[in-house]
Amino acid sequence: MSRWLLLLVLAGALATGCARLGGEPQQPSHNAALQVTAERTVGQTFEVRGSGVAGVDLLVATFSQPADPSGTLEVVLRDAVGGAEVAVAEVPGGDLADNSWVAVRFDGAQEVGGRPAVEVRWDGASPVALRANVPPDPLPPDVLVNDPYPFGELVLDGELAAGDLAFRVVGADGLAAAPRTARGLVGGLLRGLAGTPAFAVLWLVLLSGCAALAVVGLRRGRRDA
Amino acid sequence: VPDRKAAEVAGPRAARGSSPEGARARPTARVLERVVPAPLRDPSLRWPLLGWLGVGLAVRLALMPFTVSADLLAVYWRSHLIAYDGQVFGSYLVNMGAHYTHALSLRLFGFLLPPPDELWTDPWWWSDSGALSAQVQREVSTSDAAFQTLFALKLPYLVADIATGLLLLALLAGAGAAWHRRRSATSEAAYRAEMAPTIDPLLLRRAWAFWMLSPIGLYASYLFGRYEALAVVFVVAALLCAERDRPWWSAVLLGIGVTMRAYPLLLIPFFALVVFRRPLQQAAWGAVALAPFAAVMASNRLLAGTVGELSRLQDFATGSTFFAITLPVDAEGQLYLFFLVLLGVLGVLAGRSWGWWGSAPLRRDLWLWLLLVHACLFGAATFAAHYFMWFTPFVAIALARRPEWRGVLPLHLAQAALVLALTDLLGGPGTLLGLFEPVHPELATSLPNLREAFLTGGGQRLQLVGLVRSAFTVVTVLLVAPAVAELAGRARRGDRAGERTAR
């Protein structure tokens with residue numbers, strides 16, 4: 001039994017390691033690279049979960065060449081699309097790698113609410129793009145319009161556009177968000193079951209029956225042995 | 001033993017009883033005898049086995065309604081065309097046996113599902129699967145009847161999974177087979193007399209408990225929601241028939257397994273070389289095993305004008321997994337490790353089967369060869385975590401039949417942990433804890449996962465992937481080392497008595 005427990009703990013430890021516990025937004029899928037320049041900004045709106053925003057991770061493309069090391073990727077956090085600037089972070093071009101996620105961190109946790117936006121621009125000699133999930137242009141008939149993150153939208157040159165960046169927001173709560181997450185998951189489970197009461201009853205009856213069979217069977221087996 | 005002898009001496013009529021009640025009960029008893037594996041009819045084993053069945057079912061029920069994956073929805077979307085429109089999805093005619101099974105399941109369990117037009121919307125994500133599948137999956141996850149829907153969609157996997165467990169019980173209570181055929185021996189004492197020398201009941205319970213709680217089995221069928229169990233049940237059934245001297249049924253069942261997932265194609269030569277000695281018989285066996293696959297190809301041709309798998313070989317990404325691990329060569333071309341190992345094992349077996357060297361392989365050792373083939377497959381190729389369910393029946397058999405291989409369970413659990421870690425590194429969060437999206441879409445994707453932990457870590461993630469993959473291969477080699485030693489030792493010693501039995 002101790003060996004089983006040890007292996008379970010090891011498996012749990014292997015599967016752990018991320019502190020983004022508060023349900024902060026993330027959207028990893030992409031099908032396009034949107035080029036950013038000093039004049040052309042690309043961004044994303046999102047809903048804040050938890051008490052603030054510590055940073056954002058973005059998926060960068062440098063078109064199979066090193067990014068200009070003297071260039072700078074500037075990320076501005078605004079309180080809304082076209083709204084007031086809340087924080088700015090800069091990443092040197094030397095830290096950008098093709099098709100890799102780059103960590104952008106603001107100077108401390110930023111308290112923003114509602115639906116803020118990040119806005120990205122690149123000032124450098126080599127081309128740099130951000131990976132995004134966007135609908136084809138023109139949109140053919142009989143296909144879905146891309147909207148993988150329903151709580152925000154892509155922003156092109158300060159205007160909302162269809163689709164979403166490949167991004168994830170890093171919250172300020174860290175492990176402190178774990179109880180809230182646990183409560184949220186239990187609440188979601190109960191709400192889902194309450195939404196289909198007939199199924200919930202059937203499922204609980206079946207589950208109880210199996211549990212009873214387990215208890216009775218294993219007890220009788222031990223007694224007979 | 002006296003009871004057994006008494007049953008044999010008394011003959012069928014005495015054992016069946018001569019009263020009218022006995023005669024009336026006979027058909028039911030016969031059906032039960034055929035359907036319920038012998039260990040479940042043994043009073044000393046029945047309750048502990050039922051107890052573990054209860055544990056296994058409770059765990060399965062606890063997982064089924066709450067997880068979703070794009071793979072689960074994709075196969076059902078294609079199958080809904082068969083079930084409701086009488087069409088096949090012409091651009092993906094792969095594993096059609098599984099698709100027909102899913103279509104049947106949609107009809108059987110349709111009363112638990114929302115109306116088809118609500119659930120299987122059109123357009124689906126096919127125009128750009130990578131970009132659109134997440135949002136379609138989210139729509140299903142956030143629908144009112146999500147839990148009930150997911151529960152119903154996984155029911156065929158539950159049926160196949162439990163059926164595989166029962167087949168394993170029947171397989172492991174090997175001597176029960178002789179008893180099974182001799183219908184006279186209906187007394188429990190006769191059963192025990194037959195079974196006792198073959199297998200320790202404790203080992204049987206261990207294998208059953210393992211099947212009920214196999215981490216990879218639970219992951220594949222109930223967390224990730226893949227139909228691997230549909231193929232596994234036919235592979236185990238084929239093995240059972242091969243061991244019980246029903247080689248042609250074995251061929252048919254393995255052939256049906258090929259229509260569920262194409263991978264049992266790899267097993268056909270191994271089965272053929274063990275169950276028969278003469279090349280003509282082996283070729284005939286192979287032809288029978290390929291017949292269901294050929295029938296599906298023919299039906300694809302009729303229904304959609306293309307044969308399916310065969311026409312996709314040139315662009316079929318999954319096939320590339322067999323070519324993924326290579327040995328460098330200082331010239332053009334490279335050595336593919338999987339084919340190197342697989343052909344090596346096949347060559348050794350063929351030589352023994354055709355009498356070129358060593359002793360002839362025994363039918364009772366078929367599972368050892370299959371364990372070895374599966375170890376080659378997973379140790380020398382790349383794969384998704386749910387594929388690893390193909391390996392698990394052989395772990396259960398090893399636990400019961402080879403208690404002297406003491407490391408099987410811990411090594412397999414290490415394999416499972418490494419496979420899941422690899423999945424989380426490559427595909428997280430949507431392939432492990434993120435599968436719980438229906439419980440809470442935002443929070444489920446933020447549960448801890450290894451991929452995110454290393455997301456901005458540059459090459460660290462790939463290095464860790466390499467380390468985990470290497471560790472998995474080492475653990476796999478350690479797990480099958482006793483099987484290799486046993487097969488090699490037997491080849492040297494010879495086994496004339498066993499050879500006669502196999503013939």
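Keep in mind it's a predicted model, so treat the numbers as computed, not measured.
When all heavy atoms of A/L185 and B/V439 are compared, the pair lying nearest together is O-CG1, 3.1 Å. Nearest heavy atoms, A/S29 versus B/G130: CB-O, 3.7 Å. For the pair A/P148 and B/Q135, the tightest heavy-atom approach, listed with the atom from each and the gap, is N-OE1, 3.5 Å.
The greatest number of non-hydrogen atom pairs below 4.5 Å with chain A, out of B/T456, B/L132, B/L455, is found for B/L455. Ranked by heavy-atom pairs under 4.5 Å with chain B, the list A/C210, A/G187, A/G188, A/S100 is led by A/C210. Most heavy-atom pairs under 4.5 Å with chain B: of the set A/Q27, A/H30, A/R49, A/R219, this distinction falls to A/R49. Contact tally against chain B (heavy-atom pairs below 4.5 Å) for A/L202, A/V145, A/L190, A/V186: the top residue is A/V145. Of the listed residues (B/F151, B/W125, B/W124), the one with the most heavy-atom contacts under 4.5 Å to chain A is B/F151. In terms of non-hydrogen atom pairs under 4.5 Å with chain A, the most contact-rich of B/S127, B/P48, B/A58, B/A131 is B/A131.
Taking CD from B/E442 and OG1 from A/T181, the interatomic distance works out to 11.5 Å, rounded to the nearest 0.5 Å. Separation of atoms CZ (B/R60) and CG (A/L206) is listed at 14.5 Å; rounding is to 0.5 Å. Put simply, CZ on B/R461 and CH2 on A/W101 are 11.0 Å apart, with the number rounded to the nearest 0.5 Å. Going from atom CG of B/L50 over to atom CZ of A/R220 covers 9.5 Å, rounded to the nearest 0.5 Å.
Checked options A/N31, A/N146, A/N133; the residue passing with B/D128 is A/N31 (criterion: side-chain hydrogen bond (donor to acceptor under 3.5 Å, both in side chains)).
Residue A/A97: no heavy atom, backbone or side chain, is found under 4.5 Å from chain B. Looking at A/Y149, neither its backbone nor its side chain comes within 4.5 Å of chain B, counting heavy atoms on both sides. Contacts between A/P135 and chain B at a heavy-atom distance below 4.5 Å are absent for every atom of the residue. Of the atoms belonging to B/A145, heavy atoms from both backbone and side chain fall under 4.5 Å from chain A. Interface remark: B/P215 contributes no atoms to any contact with chain A (heavy atom separation under 4.5 Å). Contact of A/V143 with chain B is made through backbone and side chain together, with heavy-atom distances under 4.5 Å. For B/L57, the parts lying near chain A are the backbone and the side chain together; criterion is any non-hydrogen pair under 4.5 Å.
A heavy-atom distance below 4.5 Å is not found between the side chains of A/D142 and B/D122. A/R191 is listed as a side-chain neighbour of B/H440, based on a closest heavy-atom distance under 4.5 Å. A/L144 is listed as a side-chain neighbour of B/V136, based on a closest heavy-atom distance under 4.5 Å.
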Practice task
List the steps and the verdict of side-chain contact (heavy atoms from CB on, under 4.5 Å) for B/W47 and A/L218.
Solution key: CA-CA 7 Å; B/W47 281 108; A/L218 293 178; over 6 Å; no
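Of the possible donor and acceptor atoms, one in the side chain of A/R168 sits under 3.5 Å from a partner among the backbone N and O of B/E452.
Heavy atoms from other residues, nucleotides or ligands lying under 6.0 Å from CG of A/N99 number more than 12.
Checked against a 6.0 Å centroid threshold, the rings of A/W203 and B/F66 count as neighbours.
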